[in-house]
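Basis for what follows: all heavy atoms, side chains included, without hydrogens, waters or symmetry-related copies. Letters A, B, ... are given to chains in the order of the sequence lines, protein chains preceding strands, and every chain is numbered from 1.
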Amino acid sequence: MIKSPRGTRDLLPPDTALWNFVEATVRDVFRAYNFHEIRTPIFESTELFARGVGEETDIVAKEMFTWEDRGRAESDRGQSLTLRPENTAGVVRAYIEHKLWDRGLNKLFYIGPQFRRERPQKGRYRQFYQIGAEVIGPAASGSESPARDAEILELLATLLDRVGITGWTLELNSVGCPADRARFNEALRAALEPVVAKMCADCQRRAVTNPLRVFDCKVPEDQSVIETLPRISQFLDEGCRTHFEQVKEILTAVGVPFTLNGRLVRGLDYYTRTAFEFTHGALGAQNAILGGGRYDGLSEALGGPAAPGIGFAIGEDRLVLSLAATADSVLRTPDVYIAPLGPGMNREAARLARELRRSNKDLVVELGDESFRLKKSFEAADKLKSRYILIVGENEVKADAFALKHLASGEQVSVPRAELAARIARH
RNA sequence: GCGGGAUUGGCCGAAUGGCUUAGGCGCUGGAUUGUGGCUCCAGUCACGAGAGUUCGAUUCUCUCAUCUCGCCCCA
């Protein structure tokens, strides 16, 4: 049997109803904040990710699905292409390519699949879905303002509430500018040198490869040492410090709760200043339901104009996973099941179905078959959880009035053809 | 890439070195052919793949695959 590739999965009903509910709700929220949708290709030139995400990141170094194009045209042949492992680089590429700043488009959102070749786990797949948004534009558009950071975070709090996620935590930090980080890294290495020998094997490795990651350590014995290490907050320059203060002030003013986490560091090279994560307890080791931050230098790194930006990506798989609601609760069931009774009734049933659907586009109409015995039609209507069953038999056709039965109450009435749609509609 | 745990029918879930091997849900049909949801009856569907041990394996061993929980990293 051919199975779906490792780390991929089929989403089936009723789960798809839950996914659609999430996406519809999210679109509503984005609309209220005046964000507009962008759809970028699911594969891009490999160079985009190498430059945009960072050569040294795990994503680029070992997790991308990459292949070489073998097109006929000289321009295609040999080009290295990659399934997108995240969507920010693609959005910024499009921003530069189409000069979106000239069109006043600076608040964009996307929903779509991303690909990383990782070991699958709970809430981690090789094809996974992200819902993300970016605010990007020339500094004159206000894109650098702490007000944008706060608005994004407030939007996220609203979004999670609307979707029905309870018990989330917003963790907040500032990772400063590249210059701040360089000085911090230096100080960190210096501070680690005398003590690293006492730490766990992972930390000893991190101390060499990427000192920032020492803060991710969860080994209890190492915590006391980690507490003594310098924090990024001590290395922020005046501009970054003020920026972060203002973000916190606005958040407090609008009433979005947050926790400062001086140990929060982001994995991707392009992040600057504000960094954040929303976590949820029900997710095990992958407790981050979404992550994001500011990336003021990304556009320039990709050859574009200076364009400060801030964005986030929600792991949609993880979001759905932490939803308390069951898929059944958002699954729409039929309003009416039409039961053609006996030979020749399919035609009349089809006409009725068409009339009902045309007269009220919100009605969900399920059509049975004339070969069914009436008992079987009832069973089918019950199984589908239809609200009404509409019987289409010879008597009804003669009278041009049809037996309509409410299945839950058992109440049955004869309804003239012209009144059917109104009768069935939800009140 | 590295560890631990799993892998029984459409789904959940027992037992067992040989004697069809549960139970529940589901699905199909029936209990006299224009009225269901309850009940009853009948039917339906399996031991992840390969190799080995054995007279014989779903049950023991090994390898692989997949899933899962961690590490790494991230959404």
ask   = Quick one: is A/Lys122 getting a side-chain N or O under 4.0 Å of the B/C69 phosphate, OP1 or OP2?
value = yes
key: Face-to-face stacking of A/Phe128 with B/A75, centres under 5.5 angstrom, angle under 30°   = yes
ask   = Between atom CG in A/Leu341 and atom P in B/G36, what is the gap in whole Å?
value = 13 Å
task = Just do the salt bridge (charged side-chain N to carboxylate O under 4.0 Å, His left out) check on A/Arg148 and A/Glu151 with the steps written out, would you?
result = CA-CA 5 Å; A/Arg148 295 288 77 74; A/Glu151 182 183 34; 3.2 Å; yes
query = Using a cut-off of less than 4.0 Å, is there contact between a side-chain N or O of A/Lys405 and OP1 or OP2 of B/G34?
reply = no
Enumerate, atom names and distances included, each donor-acceptor pair closer than 3.5 Å involving a side-chain atom of residues 16-28 of chain A, sequence neighbours excluded.
unit_1: A/Asn20; atom_1: ND2; unit_2: A/Thr16; atom_2: O; d: 3.2
unit_1: A/Thr25; atom_1: OG1; unit_2: A/Phe21; atom_2: O; d: 2.7
unit_1: A/Arg27; atom_1: NH1; unit_2: A/Glu37; atom_2: OE1; d: 2.8
unit_1: A/Asp28; atom_1: OD1; unit_2: A/Arg31; atom_2: NH2; d: 2.9

request  = Grab the stems for RNA chain B, please: at least three consecutive Watson-Crick or wobble pairs, both distances below 3.5 Å, written as range with range.
outcome  = B:1-7 with B:65-71, B:10-12 with B:23-25, B:26-31 with B:39-44, B:48-52 with B:60-64
task = Taking only the side-chain heavy atoms of A/Lys62 (C-beta and beyond), determine which of B/G29, B/C72, B/G36 contains the nearest atom.
result = B/C72
query = When every nucleotide of nucleotides 5-10 of chain B is labelled 5' to 3' by its protein contacts under 4.0 Å (heavy atoms), B for base, S for sugar-phosphate only, - for none, what sequence of letters results?
reply = ------
request  = Classify the side chain of A/Arg124 versus the base of B/C73 as yes if they form a donor-acceptor pair under 3.5 Å and no if they do not.
outcome  = yes
query = Quick check: are there more than 12 heavy atoms from other residues, nucleotides or ligands sitting under 6.0 Å from CZ of A/Arg332?
reply = yes
request  = Taking the six-membered ring for Trp and the full ring for Phe, Tyr or His, determine whether the centres of A/Phe109 and A/Phe35 are under 6.0 Å apart.
outcome  = no
